Amino acid sequence: MKTLNIKAIIKNDLAVTPEDGELIFKLLNTAIDQKNPIEVNFSGLRTVTTAFLNASIGDLYEKWDSTTLNHFVHLQVNTMTPLQIKKAQSVMENARIKLSQEEIQKDLGEG
């Protein structure tokens with residue numbers, strides 16, 4: 001399984017911008033497209049914002065279902081601080097809720 005080290009990819013210990021998040025999104029999306037499981041390593045990151053996480057991980061939920069994401073994308077929680085874990089969980093949960101609400105609206109003919 002390939003490991004994606006965020007700090008090495010963005011060349012910074014601050015994972016804060018949506019632009020950096022989009023770079024990580026593209027790499028994760030490509031791995032899933034190619035059916036290559038990937039581990040995401042957060043080692044050495046001082047700060048991780050929800051803006052970064054929304055663009056990198058949250059946006060994956062717009063393209064892939066939870067089962068696919070759970071199979072191919074693995075966050076190395078042992079490389080994350082408790083706050084980073086909490087933020088990642090929040091972003092993933094919010095992405096799932098947003099998609100559920102959009103599906104309901106579409107089913108009701110409102111979307």
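Fair warning: this is a prediction, and the values are worked out from it, not measured in the lab.
Atoms OG1 and CZ, from Thr67 and Phe72 in turn, are 11.0 Å apart once rounded to the nearest 0.5 Å. Rounded to the nearest 0.5 Å, atoms OG (Ser90) and CD1 (Ile97) are 8.5 Å apart. A distance of 8.5 Å separates CD in Gln76 from CG in Asn5, rounded to the nearest 0.5 Å. In this structure, NZ on Lys86 lies 13.5 Å from CE on Met80, to the nearest 0.5 angstrom.
A continuous path of Ile, Leu, Val, Met, Phe, Trp and Tyr side chains, each step under 4.5 Å between heavy atoms, connects Val48 with Leu75, placing both in one hydrophobic cluster. No continuous path of hydrophobic side-chain contacts links Leu14 to Ile85 [ILVMFWY only; heavy atoms under 4.5 Å]. When the side chains of ILVMFWY residues are joined at heavy-atom separations under 4.5 Å, either directly or via intervening members, Tyr61 and Leu4 end up in a single hydrophobic cluster.
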Side chains of residues 23-30: which donor-acceptor partners sit under 3.5 Å, not counting sequence neighbours?
unit_1, atom_1, unit_2, atom_2, d
Asn29, OD1, Trp64, NE1, 2.7
Thr30, OG1, Lys26, O, 2.8

Just distance, no hydrogens or angles: give the donor-acceptor pairs under 3.5 Å from side chains in residues 50-57, sequence neighbours left out.
unit_1, atom_1, unit_2, atom_2, d
Asn54, ND2, Thr50, O, 3.1
Ser56, OG, Phe52, O, 2.9
Ser56, OG, Leu53, O, 3.4

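For the pair Glu39/Lys2, no side-chain contact is recorded, criterion being any heavy-atom separation below 4.5 Å from C-beta on.
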Take Ser66 and Arg96 through the side-chain contact (heavy atoms from CB on, under 4.5 Å) test and state the conclusion after the steps. CA-CA 8 Å; Ser66 293; Arg96 287 186 204 110; 3.6 Å; yes
side-chain contact (heavy atoms from CB on, under 4.5 Å) between Ile38 and Thr3, worked out: CA-CA 6 Å; Ile38 191 163; Thr3 299; over 6 Å; no
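Gln84 places a side-chain N or O within donor-acceptor distance of the main-chain N or O of Leu45, the cut-off being under 3.5 Å.
A donor-acceptor contact under 3.5 angstrom links the side chains of Thr68 and Asp65, judged on distance only.
Under a 4.0 Å N-O distance rule, the pair Asp13/Arg46 qualifies as a salt bridge.
Among all heavy-atom pairs drawn from Gly58 and Ala95, the shortest one is O-CB, 3.7 Å.
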